Amino acid sequence: AGTLTPVATPINTQPGEQLEPRVDGDLTAYTDDNATTQIRFYDFATGVDSAIPTPVGSSDVLSDVDTGRIVFTRADGTTGLTSIMLYDVAHNTVTELAPAPNASHFGVTIGGQTAAFVDYTNDPSTGDVVALDLTTNTVTQLTTSDTLYQQNVATSNDGDVVVYEVCSSGTACDIAYARKGSAGWTTGWASQDPGRDTLPDVSGHTVVFMREDQDNLLLSADIVTAD
């Protein structure tokens, strides 16, 4: 058998920090923390690195990518509110998703025609996970707890499954999922452990996450099925 030698492609070697890379096909997006905090994207087919324009006084972070679309969180430096945005690469347009007065939306991810995020508008401490149908602009609240923290959302490529952390404290987190069917969204548990399960991701109905214990971070990475 032959030996595969990966080729490293420098994407951004400018000063500052480049963080939180995400990739889909030939497109990768990341946070560039330099003079301003903005989302940049790189096209592997053309070798071109570009920036999504950021309004003066705002910061853009936490991008996700799917089929030529980049979603991200925008923080307004004046009001302190956060909104979720969608950038269409082909049309060079930025659109706010699920806009609402005094909304505080954070941590958006995208797959298919679903964008999922955490809505802190009514629960500024714990938040609620929300799914947005990009075809109909219908918003569905997936969680309702006022005592548990919901965070770190991920969306499957087809948009039918959303996974997220549910935490009762900083050291006690489980992984929950919501699955879209003909009757709407249903929720369940992908993991329930006394310790801390965190940073979930999902493809199809398979959920992966990191499990930490009290003695050793990154102790295990368990693959579970949401069915």
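We number each residue from 1, following the sequence as shown. Any value given below was found using the heavy atoms of this structure, including those in side chains, with hydrogens, waters and symmetry copies removed. Quantities reported herein were computed from a predicted structural model and do not represent experimental measurements.
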Practice task
For the pair Asp43 (side chain) and Ala45 (backbone), establish whether a donor and an acceptor sit closer than 3.5 Å, ignoring hydrogens and angles.
Solution key: yes
Handout entry: Donor-acceptor under 3.5 Å (Ser59 side chain, Ala75 main chain)
Key = no
Fill in the blank from the handout: Only residue of Ile110, Val162, Val161, Val71 satisfying side chain to side chain contact (heavy atoms under 4.5 Å, CB included) with Thr155 is Val162
Practice task
Would you check if the side chain of Arg69 reaches a backbone N or O of Gly112 as a donor-acceptor pair within less than 3.5 Å?
Solution key: yes
Exercise for the section: Verify side-chain hydrogen bond (donor to acceptor under 3.5 Å, both in side chains) between Gln18 and Asp32, making sure each step is shown before the conclusion. Expected result: CA-CA 5 Å; Gln18 288 78 44; Asp32 182 37; 2.8 Å; yes
Exercise for the section: State whether the side chain of Glu17 and the backbone N or O of Leu19 hold a donor-acceptor pair below 3.5 Å, judged by distance alone. Expected result: no
Problem - Check: Asp174 side chain, Asp193 main-chain N or O, donor-acceptor pair, under 3.5 Å - result: yes
Practice task
Report yes if the side chains of Gln150 and Tyr164 come closer than 4.5 Å at any heavy-atom pair, otherwise no.
Solution key: yes
Practice task
Would you check if the side chain of Thr79 reaches a backbone N or O of Leu81 as a donor-acceptor pair within less than 3.5 Å?
Solution key: yes
Handout entry: Minimum side-chain heavy-atom gap Asp49-Phe41 below 4.5 Å
Key = no
Handout entry: Under 3.5 Å donor-acceptor, Thr114 side chain and Gly159 backbone
Key = yes
Exercise for the section: May I ask you to test the Asp128-Val118 pair for a side-chain heavy-atom distance under 4.5 Å? Expected result: no
Handout entry: Atom of Asp60, atom of Thr54 and distance for their closest heavy-atom approach
Key = OD2-OG1, 3.0 Å
Problem - Main-chain N/O of Val202 paired with Ser156 side-chain donor or acceptor, under 3.5 Å - result: no
